[in-house]
Amino acid sequence: MNINLTLFAQMITFAVFVGFCMKYVWPPIVNALAERKAKIAEGLAAAERGHQEKALGEQRALETMKEAKSKAAEIIAQAQKRASDIVEEAKGDARTEGERLVAAARAEIEQETNRAREELRGRMTQLAIAAAEKILQQEIDAKAHQSTIDAFAKQL
Amino acid sequence: MAATEETLTSSQYIQHHLTNLTFGWLPKDAALELEHGEHAAEHLSWGLKFAANADEAAAMGFWALNVDTVFFSVVLGMLALWFFRSVAERVTAGVPGAAQNFAEWVIDFVEENVRGSFNGKNPMVAPLALTIFAWVFLMNLMDLVPVDLIPYLFTQLFATLGADPHHVYLKVVPTTDPNATFAMALVVFFLVLYYSVKMKGVGGFLGELTLQPFGKWGLPANLVLEGISLISKPISLALRLFGNMYAGEMIFILIALLYGGSLVLNLTGGVLQFVWAVFHILIITLQAFIFMVLTIVYLDMAHQEHH
């Protein structure tokens, strides 16, 4: 219970302990705590960023999908238009071709008819002449009636 | 205790527990004077030695060392610092282990108190607070070791070496020695003085002592008031801790006196000791905490320009 040299011994001991604690104990542990705090804050920020990026990505995906859909619709519309155009064109072509064929056929028919008519006319003439010859052989001279016969023949 | 100390009276038993193991120079005339007292020895012993009783320890005067106080406080302080240092060496910002978790818990607690009470900037305050808290707590914790255990083993050890067990003293709780508490309080006091002068200058510090609270015309009254409040800081700091631990130790000793009697007394002593030990857990923690917080507050006041 006496105040003695112990007082100084204890003061020196205390000062040494505080110095040791201040130099070798406190800074590393407190630094580690601060570092962990920073790490956690960083992690939380990264998670937040991830969330935002995810939302952004979802939105972007939605937009892309919408765009693709509209593009597809556009392409389909274009294709339909093109198809109907082609059909129309084909129809037109077919019609003109038909008309052309019909016209050609008609011309040919007319040609044939004309030819037949010429032939017939020739034959008719021969027949009429032959008939008239036969008749006239009996009655009249062919040369005298030739103009009359020709006039008939031209009426055919 | 019955075997070795049955010849002791109660007051001798208490006295025995309250005497430090003191090593120092005993002058020959003091030894001669004590020879005529009740502690008469067969042959006169004087010079550099362990005090054989409380009177001899007192007669050694200032140049004596309480070996038990120094030994236990140094061992306990080194234990605390070794623990924290071993954590600091393997400290990681990743997932902490059990030891690091505990150290971080303590350090967080100390840092929170420093941040709450200390407004200045000083990298020394927090480590100082941690050292005080850990060291005072461990020294106080020695109070929970049964009062006779370590002294008994110690006297037995010395008895085998041929010493008289009745004259071998040992106090295991360093904070029941005013030397230990005053040493810490004085270091804190010197730090308060140092930082007061450093922050406010000599003039500012003297002004604080002499110009408040009554202005310059009340200078003597100011000096008395402020001087008392300044001096009372280390004294109250030291005496609060010492008084609490000394009283607690004394109660443990008084309870220990109940042992060795009838069965009822033994049982009563056991129950009382348990109850007091549980209550004492609160006291030892609280005293360590109070010492730490007051140190922080005093240093904060030293750092503030106006208080």
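All chains are named by letter (A, B, ...) in the order of the sequence lines, taking the proteins before the strands, and each is independently numbered beginning at 1.
- For B/Leu18, the part sitting under 4.5 Å from any heavy atom of chain A is the backbone (N, CA, C, O) and nothing else.
- The minimum heavy-atom distance between A/Gln10 and B/Ser73, with the atom names listed, is OE1-OG, 2.9 Å.
- Taking every heavy atom of both residues into account, A/Ile29 and B/Val91 meet most closely at CA-CG2, 4.1 Å.
- Of the candidates B/Asp68, B/Asn20, B/Thr69, B/Thr69 is the only one forming a side-chain contact (heavy atoms from CB on, under 4.5 Å) with A/Thr6.
- With a threshold of 4.5 angstrom between heavy atoms, B/Asn66 approaches chain A through its backbone and through its side chain.
- Considering all non-hydrogen atoms of both residues, A/Trp26 and B/Glu111 come closest at CZ2-CG, 4.0 Å.
- Contact count against chain A (heavy-atom pairs under 4.5 Å) is highest for B/Ala93 among B/Gly77, B/Ala93, B/Gly94.
- At most 12 non-hydrogen atoms from other residues, nucleotides or ligands lie less than 6.0 angstrom from OH of A/Tyr24.
- Of the listed residues (B/Met78, B/Glu104, B/Gln100), the greatest number of heavy-atom pairs within a distance under 4.5 Å of chain A belongs to B/Glu104.
- Looking only at heavy-atom pairs under 4.5 Å with chain A, the residue among B/Gly24, B/Pro123, B/Pro96, B/Gly61 that has the most is B/Pro96.
- The number of heavy-atom neighbours closer than 6.0 Å to CD of A/Glu112, taken from other residues, nucleotides and ligands shown, is above 12.
- By number of non-hydrogen pairs under 4.5 angstrom with chain A, the leading residue of B/Ala80, B/Ala180, B/Pro178, B/Ala126 is B/Ala126.
- Taking the side chain as every heavy atom from C-beta outward, A/Asn4 and B/Met60 never approach each other to under 4.5 Å.
- Taking a 6.0 Å sphere around CE of A/Met124, one finds it holds 12 or fewer heavy atoms contributed by other residues, nucleotides or ligands.
- Of all heavy-atom pairs spanning A/Met11 and B/Phe190, the tightest one is CE-CE1, 3.5 Å.
- By the 30° and 60° cut-offs, the orientation of the rings of B/Phe62 relative to A/Phe8 is perpendicular.
- Using a 4.5 Å cut-off between heavy atoms, A/Ala9 touches chain B through its side chain atoms alone.
- Between B/Arg85 and A/Pro28, the shortest heavy-atom contact is NH1-CG, 4.4 Å.
- Remark: side-chain polar atoms of B/Asn179 are not paired, donor with acceptor, to backbone N or O of A/Leu5 under 3.5 angstrom.
- Residue B/Glu89 does not touch chain A at all, counting heavy-atom pairs closer than 4.5 Å.
- Side chain of A/Arg36 to backbone of B/Thr92: a donor-acceptor contact under 3.5 angstrom is found.
- A distance of 6.0 Å or more separates the ring centres of A/Phe20 and B/Phe84.
- Neither the backbone nor the side chain of A/Val16 comes within contact range of chain B, judged by heavy atoms closer than 4.5 Å.
- A 6.0 Å sphere centred on CD of A/Glu97 holds more than 12 heavy atoms belonging to other residues, nucleotides or ligands.
- Heavy-atom distances place no part of B/Thr181 under 4.5 Å from chain A, backbone and side chain included.
- Residues A/Val25 and B/Pro127 fail the side-chain proximity criterion, which asks for heavy atoms closer than 4.5 Å.
- Put simply, of B/Val67, B/Leu186, B/Leu191, B/Thr19, the one with the most heavy-atom pairs under 4.5 Å next to chain A is B/Leu186.
- Summarising the geometry, atom CG belonging to B/Leu128 is positioned 5.0 Å from atom CZ belonging to A/Phe14; distances are rounded to the nearest 0.5 Å.
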